[in-house]
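Accompanying notes for the structure given below.
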There are 2 protein chains.
Amino acid sequence: MKTCESCAIRSKAVESLSKDELEIYQENCSEIQLDTGDIIIKEGLLSTHVAYLKSGLAKIHKKGIKGTEQILKIAKPGSYIGIQTILSQKIHQYSATVIEDSAVCFIDVATFKELILRNAAFGHELIQFLCQEELSNFNRFANMQQKQIDGRLADTILYFANDIKNSIDFTIPLSRNELAAFICSTRESVTRAIKDLSDIGTIHVTGKRFHILNADLLKKISENG
Amino acid sequence: MKTCESCAIRSKAVESLSKDELEIYQENCSEIQLDTGDIIIKEGLLSTHVAYLKSGLAKIHKKGIKGTEQILKIAKPGSYIGIQTILSQKIHQYSATVIEDSAVCFIDVATFKELILRNAAFGHELIQFLCQEELSNFNRFANMQQKQIDGRLADTILYFANDIKNSIDFTIPLSRNELAAFICSTRESVTRAIKDLSDIGTIHVTGKRFHILNADLLKKISENG
DNA sequence: TTAATAATGTGATGCATATCAAGTTTGAAT
DNA sequence: ATTCAAACTTGATATGCATCACATTATTAA
């Protein structure tokens with residue numbers, strides 16, 4: 001049986017737990033394999049567990065007006081999902097859906113809360129995680145508002161290349177519709193933006209597979225908006 | 001001499017401190033009166049203190065591409081400012097500027113960090129604060145992307161009326177340019193949006209003073225985008 | 001394989017809002 | 001009061017992108 005104790009990719013927060021705290025954690029935690037399309041948490045439902053993304057990839061999204069999906073961010077391995085609603089609000093304010101087969105640990109809310117109140121180092125790591133997330137959100141917010149589509153797409157391609165896939169040749173596990181929901185545009189405009197970036201030789205794209213040909217130019221487009 | 005111990009509007013986090021922890025806090029904390037326009041923290045500078053907004057109002061902003069100011073959010077009394085960079089990054093990633101005369105407490109970073117690691121309840125309150133902030137950011141993000149100007153302005157007017165001023169007759173302490181930076185538009189478009197909402201009788205505006213005449217209609221506009 | 005369905009691409013058009021260019025008001029300084 | 005600069009308003013024009021309509025290509029099921 002797998003234990004958190006022997007888990008190689010447990011979070012820094014879990015690292016900080018004492019032996020008996022880890023036991024509490026472990027007893028109220030279960031790891032589940034999820035496939036693309038599976039729902040981790042769903043907006044509007046009661047918040048009963050915190051999810052820890054061990055491996056894979058998920059989209060964090062939210063229903064906007066008229067039901068339009070808005071992708072808020074991409075959750076990478078090491079992310080806690082659904083943590084925002086465990087302390088005060090009890091209803092999930094956003095959904096999380098797997099976009100690349102994932103291993104997810106679900107930790108009971110009460111346990112999570114107990115550990116925060118019991119071990120300051122555990123809380124400290126969570127604070128660090130939340131702070132970094134907020135700064136990312138700020139950056140993303142400013143970028144979305146001030147750049148136009150080509151710049152936003154360039155951002156996204158560089159983000160997947162540098163921060164997620166660590167490669168210049170990779171797949172973005174999002175449909176054109178989802179890409180649009182992520183860069184705040186429409187399916188059609190995403191298609192055209194991809195064509196723009198391809199035409200000037202910065203990328204080569206086939207389906208969901210992206211190959212960066214000219215990173216410098218792509219960066220310049222990203223920076224200039 | 002004023003002490004945190006006797007402070008009526010200290011944060012919930014400070015509430016949770018023990019007597020000697022409170023003393024540590026107090027010794028490394030100083031309250032300062034700031035006027036409109038004064039800078040609380042500045043993007044790019046070293047993060048040496050956490051600011052706690054006791055009273056007044058501040059804008060949290062960030063330089064975008066080409067130097068365009070982007071207002072990320074409004075900080076209300078009870079907000080911790082500059083907390084995001086104290087643990088990992090050391091450089092402020094955003095600025096905070098007073099928009100209504102404020103009382104601000106500056107707490108030394110080392111002290112703040114020490115208290116997080118020493119008192120789990122203190123950290124717990126901060127986590128709660130950070131979680132709520134992130135959810136607000138998500139909502140704001142989705143709204144900005146999916147609503148058009150009139151809806152975004154309606155949002156903002158209702159936000160000031162309900163969440164900040166608790167009145168239907170109040171001043172928004174932002175210039176038209178700042179309002180634009182807040183609702184992600186331009187000075188001119190803000191003017192026109194104000195005119196739109198005035199023309200249909202939802203609000204009456206003179207300068208920075210806003211009077212809500214038809215809250216229901218305003219709400220409808222906000223909801224429909 | 002073929003049929004059916006979903007995802008994607010493309011061209012034509014319209015619209016919201018940015019941008020530009022004057023004017024006008026406001027507020028501070030003299 | 002008068003002057004000056006900053007903030008604001010207003011109209012005309014430009015443009016980026018959404019929207020619509022339809023063609024094409026993948027993908028799945030039969």
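Here is how names work: the chains are called A, B, and so on, in the same order as the sequence lines, proteins then strands, and each is numbered from 1.
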Check your understanding: Of all the choices, D:dC17, D:dT9, C:dT10, which nucleotide is nearest to the side chain of B:Thr191 once you look at every atom?
Key -> D:dT9
Check your understanding: Do the side chain of A:Glu188 and the base of D:dC20 come within less than 3.5 angstrom through a donor-acceptor pair of N or O atoms?
Key -> yes
Review point. If you check the B:Ile149 side chain, which of C:dT17, D:dG16, D:dC8 turns out closest?
Key: C:dT17
Revision key, fill the gap. Here the distance between atom C1' of C:dT17 and atom CD of A:Gln146, to the nearest Å, is 16 Å
Check your understanding: Over how many whole Å does the gap from B:Leu179 atom CG to D:dA7 atom C1' extend?
Key -> 13 Å
Check your understanding: Looking at B:Val190, B:Leu197, B:Thr191, which hits side chain to side chain contact (heavy atoms under 4.5 Å, CB included) with B:Ile194?
Key -> B:Val190
Exercise for review: Verify the contact: side-chain N or O of A:Ser175 to OP1 or OP2 of C:dA7, cut-off strictly under 4.0 Å; return yes or no.
Suggested key: no
Review point. Among D:dT9, C:dT10, D:dC17, which nucleotide sits nearest the side chain of B:Arg176?
Key: D:dT9
Point to revise | Rounded interatomic separation in angstrom, taking CD from B:Gln148 and P from D:dT19 | key: 9 Å
Revision key, fill the gap. Rounded to whole Å, CZ of A:Arg187 lies from C1' of C:dA7 at a distance of 8 Å
Check your understanding: Given C:dA18, is OP1 or OP2 found less than 4.0 Å from the side-chain N or O atoms of B:Thr186?
Key -> yes
Practice item. Tell me, please, whether A:Tyr159 has A:Arg140 positioned over its six-membered ring: NZ or CZ under 6.0 Å from the ring centre and within 45 degrees of its axis? Key: no
Review point. Could you state the CD-C1' distance from B:Gln145 to C:dT17, rounded to the nearest angstrom?
Key: 15 Å
Review point. In whole angstroms, how far is the P atom of D:dC8 from the CZ atom of B:Phe210?
Key: 10 Å
Check your understanding: Hey, does A:Ile83 have a side-chain heavy atom less than 4.5 Å from the side chain of A:Leu130?
Key -> yes
Check your understanding: Salt-bridged, B:Lys63 to B:Glu43, with N to O below 4.0 Å?
Key -> no
Check your understanding: OP1 or OP2 of D:dA18 sitting under 4.0 Å from any side-chain N/O of A:Ser185?
Key -> yes
Check your understanding: Would you say B:Arg192 reaches C:dT17's phosphate, i.e. side-chain N/O to OP1/OP2 under 4.0 Å?
Key -> no
Check your understanding: Toward the 5' end of DNA chain D, which comes first, A:Lys147 or B:Gly207, by nearest nucleotide?
Key -> B:Gly207
Point to revise | Length of the CG-P vector between A:Asn177 and C:dG9, whole Å | key: 11 Å
Review point. Does NZ in B:Lys165 sit with more than 12 non-hydrogen atoms of other residues, nucleotides or ligands closer than 6.0 Å?
Key: yes
Review point. So, is A:Lys208 near the phosphate of C:dT8, with a side-chain N or O under 4.0 Å from OP1 or OP2?
Key: yes
Practice item. Mind calculating the distance between CG (B:Asp196) and P (C:dA16) to the nearest angstrom? Key: 11 Å
